[in-house]
Enquirer: 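Provided herewith is a single structure, encoded as structure tokens, for subsequent inquiry.
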Amino acid sequence: NLLLFITQVALEYKIDIYDYYDLICYEDFLNKRQPVQAMKSAITELAAFCIRKIEQVRTDGRTICKIKEYVAKFYSDCELRIKDIADAVFLNENYLSSYFKKKVGISLTEYIMCFRVEKGKDLMDLGEEEIREVALKVGFLDANYFSKCFKKVYGVTPTKYLSEKL
């Protein structure tokens, strides 16, 4: 039952435990070719491995959450830099960028851009119609660049979005 539970947890957390199956062979155990103590030892080792991996997943989740919270708090700052975020979460700037991309699937720069564009769209949905103002409020110094990013995310320019919304 314990082995079944460990296997279920491993599947839920996407932990690769197949290397341990060689250590834990039911047939050897049932045919008494593997001592009970060896079996217990192998299961204990497997459980410890799973616990370490789960802790890593939780730590990764907390770090990504902190990064996203930082972006949410400071996205409107045109001077927001990856270095600022790295300092806030106590990671090296280069490591932070590759870590974020590996864990989230998009680069941190792209995440910030998408977050800003989404906030810009929210402002337009609330009635803000001056694109230059929207761009500045969400951290873009250049309204043309905001428009280009908006189109990349939503498939239409902010001007067209506003006209279609009416």
Side-chain angles (χ1 to χ4, degrees), residues 3-21 46-166:
L3 189 55
L4 178 62
F5 174 74
I6 292 170
T7 304
Q8 288 171 336
V9 169
L11 288 170
E12 182 179 334
Y13 282 90
K14 298 180 177 125
I15 300 170
D16 183 7
I17 61 169
Y18 296 104
D19 292 342
Y20 285 89
Y21 281 123
L46 176 59
F49 173 77
C50 287
I51 290 168
R52 285 192 306 274
K53 287 294 190 178
I54 290 168
E55 283 302 313
Q56 182 181 355
V57 167
R58 287 183 178 161
T59 300
D60 288 347
R62 284 191 296 268
T63 302
I64 294 299
C65 188
K66 286 178 185 176
I67 293 166
K68 288 180 175 181
E69 286 172 357
Y70 191 92
V71 171
K73 187 173 182 180
F74 295 105
Y75 73 91
S76 62
D77 180 358
C78 298
E79 300 290 317
L80 177 63
R81 300 172 303 150
I82 303 294
K83 173 133 181 49
D84 301 329
I85 300 168
D87 290 345
V89 296
F90 307 105
L91 294 174
N92 171 285
E93 185 178 351
N94 293 329
Y95 177 74
L96 169 67
S97 294
S98 62
Y99 173 82
F100 190 87
K101 180 157 182 134
K102 180 182 176 189
K103 298 297 178 186
V104 178
I106 62 171
S107 72
L108 182 52
T109 304
E110 188 173 352
Y111 176 80
I112 294 167
M113 181 272 297
C114 290
F115 190 91
R116 286 174 164 168
V117 167
E118 183 180 335
K119 291 298 182 180
K121 180 183 169 290
D122 291 347
L123 287 174
M124 289 186 281
D125 288 342
L126 292 172
E128 182 68 58
E129 293 185 10
E130 182 62 43
I131 293 168
R132 187 174 311 289
E133 286 298 312
V134 170
L136 284 173
K137 286 179 181 178
V138 298
F140 286 92
L141 289 174
D142 182 353
N144 290 328
Y145 183 60
F146 170 73
S147 294
K148 180 180 174 183
C149 292
F150 191 96
K151 185 170 183 173
K152 180 180 177 185
V153 173
Y154 291 107
V156 295
T157 65
T159 306
K160 185 159 176 120
Y161 176 77
L162 284 171
S163 68
E164 288 176 355
K165 196 175 78 122
L166 299 174

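Fair warning: this is a prediction, and the values are worked out from it, not measured in the lab. Numbers here are sequence positions counted from 1.
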Enquirer: Report the residues that fulfil side chain to side chain donor-acceptor pair (under 3.5 Å) with Glu128, sequence neighbours left out, ordered by chain and then residue number.
Expert: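 By the side chain to side chain donor-acceptor pair (under 3.5 Å) rule, Glu128 matches Lys137.
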Enquirer: Specify the closest pair of heavy atoms between Asp84 and Glu79, including all atoms of both residues, with the distance to one decimal.
Expert: OD2-O, 3.7 Å
Enquirer: Let me have the donor-acceptor pairs involving side chains of residues 142-158, under 3.5 Å, with sequence neighbours excluded, atom names and distances please.
Expert:
{"unit_1": "Asp142", "atom_1": "OD1", "unit_2": "Asn144", "atom_2": "N", "d": "2.8"}
{"unit_1": "Ser147", "atom_1": "OG", "unit_2": "Ala143", "atom_2": "O", "d": "3.1"}
{"unit_1": "Thr157", "atom_1": "OG1", "unit_2": "Lys160", "atom_2": "N", "d": "3.1"}

Enquirer: Are any non-hydrogen side-chain atoms of Asp122 and Val138 less than 4.5 angstrom apart?
Expert: no
Enquirer: How far does CG of Leu91 sit from CD1 of Ile85, to the nearest 0.5 angstrom?
Expert: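 Rounded to the nearest 0.5 Å, the CG-CD1 separation comes to 11.0 Å.
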Enquirer: If I compare all heavy atoms of Tyr99 with all of Ile64, which pair ends up nearest, and what's the gap?
Expert: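 For Tyr99 versus Ile64, the nearest heavy atoms are CE2-CD1, 3.7 Å.
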Enquirer: So, using salt bridge (charged side-chain N to carboxylate O under 4.0 Å, His left out) as the criterion, who are the partners of Lys121 when residues are at least two apart?
Expert: Asp125
Enquirer: Out of Tyr95, Tyr70, Tyr111, which one pairs with Phe100 under the ring pair (Phe, Tyr, Trp, His ring centres under 6.0 Å) rule?
Expert: Tyr111
Enquirer: So, taking the atom named OG1 in Thr159 and the one named CD1 in Ile131, what distance separates them when rounded to the nearest 0.5 Å?
Expert: 3.0 Å
Enquirer: Which heavy atom of Lys66 sits nearest a heavy atom of Val89, and at what distance?
Expert: CB-CG1, 3.9 Å
Enquirer: Given Arg116 and Leu80, is the side chain to side chain contact (heavy atoms under 4.5 Å, CB included) satisfied, shown in steps?
Expert: CA-CA 11 Å; Arg116 286 174 164 168; Leu80 177 63; 3.5 Å; yes
Enquirer: Indicate the atoms forming the closest heavy-atom contact of Leu162 with Glu129, along with that distance.
Expert: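 Reported closest heavy-atom pair: CD1-O, 3.6 Å.
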Enquirer: Rounded to the nearest 0.5 Å, how far does CG of Asp87 lie from CZ of Arg81?
Expert: 8.0 Å
